[in-house]
Amino acid sequence: MASGTALVYDEEMTSHKLLWDDPICNIEVPERLSSCFEQLLHYNLVERCITLPVREGTEDEIMLVHSLDYLEVVKRTQVMMEEELKKTSADYDSVYFHPTTYRCAKLAVGAALELVDAVMSGKTRNGMALVRPPGHHSQRNAANGFCIFNNVAIAAKYAQRKYGLQRVLIVDWDVHHGQGIQYQFDEDPSVLYFSWHRFEHQQFWPSLSESNYDAVGQGKGRGFNINVPWNKVGMGNSDYIAVFLHVLLPLAFEFDPELVLVSAGYDSGIGDPEGHMSATPECFSHLTNFLMRLAKGKLCLVLEGGYHLRSLSESVCMTIKTLLGDPLPCLSGAMAPCLSAVESIHNVRAAHKPYWKCLKYEDSSPLQDLSTRSNQMGDTETTSTGTQLLSPQVAGKANSEEVVRTDRFLELHMKNIMLPRPPVKTVVAVDENDSHMLPASVQTEKGMDTKELKSTISGFDAELVKEEKIFKSLMNMLAVLDKIIKKEVTNGLAVSSIASLSCAIALKHCNNLKVPKVLCVFAGDRDMKIDLDDGKVLLINISTKQPEETNTKYNISLNWKEDVETNNFFSAVLGFILPVAYSYQPDLTVVVAGPNQSLGKNGISLLVSLLQGLAQSQILVLIQETEVTLLQDIAKTLVGDFTPYFGTHAPVLRQNIQMLKELRQQLQQEWKMLQCSAKVSIAER
Ligand code: Q9C
Ligand code: ZN
């Protein structure tokens, strides 16, 4: 499988710049690009990437999306004097031209295409192109919103033509609506376009009715355009993650793309003078990490907006660190989406219900503007993250004070979240007979024999523990866990003859070492009681058996029926397990593939892959001896040089969905990231 991360960049794209006074365009500056590259150098990330030279996009490539007439207009600006450049710029909304604009715009297109080639040919697994001018607003016959050629739309068409792709996903996390991309693929079911954007009930630029959630695509393309309007500013980490879990990811996994392109604008990040949102840089790590699980890891990001230089460059660094496979920083701030975000999520899901299997049992019709109405009635709820991390932002004109304040915040913040990378990522404790199945880069645990570990074990079932082989494997498992907790390694894996016992001992060891919060996801039959002490452990048990205990906040059973041929489990992972996990914010995750687990390779891989986003990627996987067929895939997933395929989305079973609905109903006040229906959350607020 392909490995490595491509970085496509050329300083020449900084030559495009504004030559006159224009209060609208003056934020799109050359330093946007150079500051990103400098910060990447500062964190020693450039040297870890495979740097690729840029090239010009050809006229034919540009005409995959744009008309010849428009191409000629842009070409003519090369030889224009300032007055003429001004006049041409004024023909479009929020655009400026410079004599080097044509050249830079061609390089931006070419950079995106080089990146697609690197990823599609297997030269690298993923990558990012740092480009100017941006692209997602530009249209067949028009420049728009600082954009000249639609880099990402051209890249999608190019990838389809050159590599015969049937399904391409475009994720546009820029804070503006990429209407240019929407228009290009509105009737095209082969490209799924997702965009979230500041909308404020159509008050915010570009103020189009077709930016709302009910624009789902047209003709054959119905259902393949996803708009998530933000009707308030200040949206933060929890709102973004909630939209990914409840809207984008279920549809994206069902769509099953062969390639993922990202219109990666960072004006959706904290401090941005256009967006006024409050997502912190590590949020982009999490978004990137999610998208790396699609299309067998084939992921290409292309820069769009982002106008707060420090916020932009730190967020770009977090994105590239994640592409490289580094552990993820925890998200800061309390994890609960705001009411306005939940309302948007509800409305998009309702609008897309007719087109997607995963939304089949959605019982909702769109709700209009509930959060706005309650707001007018004097409800002063503001969004969560930003206001807690940083004193409240004032919507409106950007001022230099706000920029400085965010700079100072980010300086401190980055020191807290930049994690050291352990020299060894994965350590395993397995039987020698099985070790040939493991990737070369894992370290095998030979076992530490310390009093401390022995005393942890000896508190448990004496008869079992007396057996030499069992005792030894428990010691090895604890040694692996110990290294994870001490941050000598990022993750680990152990095979166990009695998974329930191993799990109980592991949790005991966490408690001894004062790990504050452990998330334990146990698939299969658990025949051992686990001490759940004061929320230090959150246990989610997935089993085909009816649970004996009733569900509580920290002890949750999913009675799950699975069809092994296909993967039914997406809805449980995205719609329940991850929302609960993100709400809990564990310090360590333990996943157990126990006896009679019914999730199969697809389900367990999915679980392990996605849970790596929690707890700074610190995760211990315990595999029951009888389930060793999982070993190879799980080990590769932990090492990170492999993205398993999770199987196709099965039609969801009604009983599973019903069970999830009831659980969500019961627990969404405790675990707020579960909220995805405005009706319920309003009723209970
Ligand atoms: N009153 C990108 O982020 N603002 N483009 C216009 C008019 C234009 C943003 C405001 C913002 C364009 C790529
Ligand atoms: Zn933007």
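As the structure lists them, so they are numbered: ligands from 1, and atoms in each ligand from 1.
Closer than 2.8 Å to the Zn ion (ligand 2) sit the protein N, O or S atoms Asp174 OD1, Asp174 OD2, His176 ND1, Asp267 OD2.
Taking the ring centroids of His197 and Trp205, they lie at or beyond the 6.0 Å cut-off.
Taking the six-membered ring for Trp and thresholds of 30 and 60 degrees, Tyr240 and Phe284 have ring planes more than 60 degrees apart, a perpendicular arrangement. Taking the six-membered ring for Trp and thresholds of 30 and 60 degrees, Phe290 and Phe244 have ring planes inclined between 30 and 60 degrees apart.
For the pair Asn227 (side chain) and Glu210 (backbone), a donor-acceptor distance under 3.5 Å is present. Without hydrogens or angle criteria, His136 side chain to Ala153 main chain gives no donor-acceptor distance under 3.5 Å.
In the displayed structure, Glu11 atom CD is contacted under 6.0 Å by at most 12 heavy atoms of other residues, nucleotides or ligands.
Enumerated by chain and number, the residues approaching ligand 1 to less than 4.0 Å through a heavy atom are Ile24, Ser94, Pro134, His136, His137, Gly145, Phe146, Cys147, Asp174, His176, Trp205, Asp267, Glu274, Gly305, Tyr307.
Checked against ring pair (Phe, Tyr, Trp, His ring centres under 6.0 Å), Phe199 has no partners two or more places apart in sequence or in another chain.
The ring pair (Phe, Tyr, Trp, His ring centres under 6.0 Å) analysis of residues 53-83, with sequence neighbours excluded, yields the pairs His66-Tyr70, His66-Phe149.
The residue from Phe146, Trp196, Phe204 that alone fulfils the ring-ring contact (aromatic ring centres under 6.0 Å, His included) condition with His176 is Phe204.
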